[in-house]
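These notes are about the structure you will find just below.
Chain letters run A, B, ... following the sequence lines, proteins first and then strands; every chain starts at 1.
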Amino acid sequence: MPTALTLTTTTPDQTRVVGAALGRLVPPRTVILLHGDLGAGKTTLAQGIAQGLGVPGPVQSPTFTLANEHDGIRDGAPIRLYHLDLYRLAGEGDLDGVGWDAYLAAADGVTVVEWPERAGSALPEAYWLVRLEDTGDGGRRLTFSEVPSVARSAPWLATLASEVAGFPARRSDSEG
Amino acid sequence: MNVLGIETSCDETAAAVVADGRHVRSNAIASQIALHRSHGGVVPELAARGHLTAIVPVVEAALTGAGIGRDGVDAVAVTDGPGLAGSLLVGVNAAKGFAYALGKPLLPVNHLEAHLYANWLVDGNRARESDDPPAFPAVCLLVSGGHTELILMTGHGAYRHLGGTLDDAAGEAFDKGARWLGLGYPGGPAIERAARDGDPARFPLPRAWLGGDEEFGFSFSGLKTALRRLTDPYRLPDPPPAPSTGPFPEHRPPLFRPDLPVADLAASYQDAVIDVLATKTVRAAFAQGARTVLLAGGVAANAALRARLGAEMDRHSETGRVPPIPVRWPPPALCTDNAAMVAAAAFFGRDPVGPPAWDLDVHPRHPLGSR
């Protein structure tokens with residue numbers, strides 16, 4: 001059973017489709033970290049997650065405001081998306097000004113964090129991780145895992161894999 | 001009527017006195033750019049502390065500069081959003097204090113609206129003939145670090161959103177591009193400087209024209225990827241990562257060979273951004289039957305954008321055999337965040353004898369026209 005799932009998408013729209021599948025299955029109180037270089041597709045994936053959470057309207061990059069809050073409706077119930085971008089921060093010392101602890105403890109929604117490396121050691125103990133890489137030919141490699149890594153498979157990885165069965169996928173036991 | 005404006009939504013602490021919504025009596029700004037430069041962006045907690053130190057001296061400077069005492073102030077206007085919550089709070093609370101102490105009305109102003117009203121400002125006390133106020137309807141391109149919006153303004157305080165960015169703001173695209181190329185912060189002026197000797201046609205970068213419902217929408221996120229790919233052949237191996245306190249390696253700016261064609265890259269990148277901005281603005285202006293085109297926001301200070309907008313207007317006018325629509329923009333000092341524009345927006349947009357809004361709170365994500 002896999003502890004990590006790797007998907008390859010070939011267009012931003014496909015990345016959004018994967019994000020939407022993730023947004024449909026992620027439980028509240030989950031923190032999802034999106035780790036990848038400039039232009040790796042973090043905001044695009046976050047737009048998909050928003051779609052899956054039933055957020056209407058555009059989800060813009062939160063780089064300027066650091067945190068955007070969106071109201072979604074999933075399966076008839078309200079759920080919020082807290083979309084954070086730590087790009088502008090110099091280090092974890094700046095996190096107080098963002099309301100970091102409150103976002104990590106948000107019970108009424110899902111917190112998605114771009115540029116999580118800026119949080120240093122202030123990351124939560126448990127989170128879902130998506131690593132995004134440019135494949136060099138226009139595609140994106142998305143690797144999903146859970147931290148702390150679970151001994152057996154995280155069920156959501158299997159669900160996600162079956163939801164987006166159309167995309168080239170690779171399951172791995174060695175990662176995560 | 002003298003309005004004292006106060007603006008602290010991002011990284012400038014500003015206060016100004018404007019007479020009758022148009023005449024700038026004083027315009028005081030304490031910039032925090034130096035404070036944030038080492039971080040490549042605005043750091044919220046630093047910004048709030050900076051505002052707190054600067055706000056009282058800046059307001060005093062505005063009053064002294066205007067040559068009026070405190071009793072010469074007829075109303076106090078303040079930006080209550082959108083912006084950074086901690087920063088907005090400093091300005092809003094200072095404005096409450098001043099208005100309460102002076103016994104004058106407190107007028108909340110939307111920051112985006114304020115940027116548009118920078119086009120109503122004239123320096124000094126005497127308006128020249130060319131200083132007629134902009135004619136309605138006006139199509140406004142608002143471009144800054146946090147915003148890229150096309151807005152139709154049919155009258156004072158009457159707005160319709162024609163389109164906006166679907167992902168990154170134009171100023172953000174400049175900031176991130178400049179950071180990638182090692183050009184510094186703020187990115188817009190840095191890219192413009194570096195682009196001066198560059199060939200904008202050397203590297204074909206993508207333009208997201210969009211369509212359908214997004215005819216007047218923008219998308220700049222693909223541009224970052226394209227820039228990164230163009231620079232890949234010049235990249236040097238990353239140095240060994242610094243000891244990290246977290247599970248991820250510290251993000252470091254890339255290192256490039258010295259023959260990286262920075263000027264051509266900056267020029268091509270800038271061209272890709274302003275091409276879409278100018279083309280869509282001109283299209284929107286003709287589609288809406290605008291009598292004026294207004295530029296606003298920090299990116300409006302970009303000379304290449306202004307030139308392209310003028311050229312695009314002439315081209316459209318010649319091919320369509322229609323008269324060109326006058327394009328206006330504020331002087332550079334009034335394009336970036338300032339308080340004179342806040343005072344102007346308050347004068348035109350509000351009932352100045354309304355009850356004081358002592359319960360005024362900040363609205364970090366305030367959309368235009370939501371009040």
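B:R228 has no carboxylate O lying under 4.0 Å from a charged side-chain N of A:D37, or vice versa, which leaves the two without a salt bridge.
Contact of the B:E214 side chain with the A:P58 side chain is not registered, since no non-hydrogen atoms from C-beta on lie closer than 4.5 Å. Looking only at side-chain heavy atoms (C-beta outward), A:Y87 and B:R179 come within less than 4.5 Å of each other.
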#### Entry: Worked check of side chain to side chain contact (heavy atoms under 4.5 Å, CB included) between B:S221 and A:Q47
CA-CA 12 Å; B:S221 68; A:Q47 289 173 338; over 6 Å; no
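Residues B:D168 and A:S61 share a closest heavy-atom pair of OD1-CB, 3.2 Å.
Proximity of a side-chain donor or acceptor of A:Q60 to a complementary backbone N or O of B:A169 within less than 3.5 Å is not detected.
Dense packing is recorded around CZ of B:R235, with more than 12 heavy atoms of other residues, nucleotides or ligands lying under 6.0 Å away.
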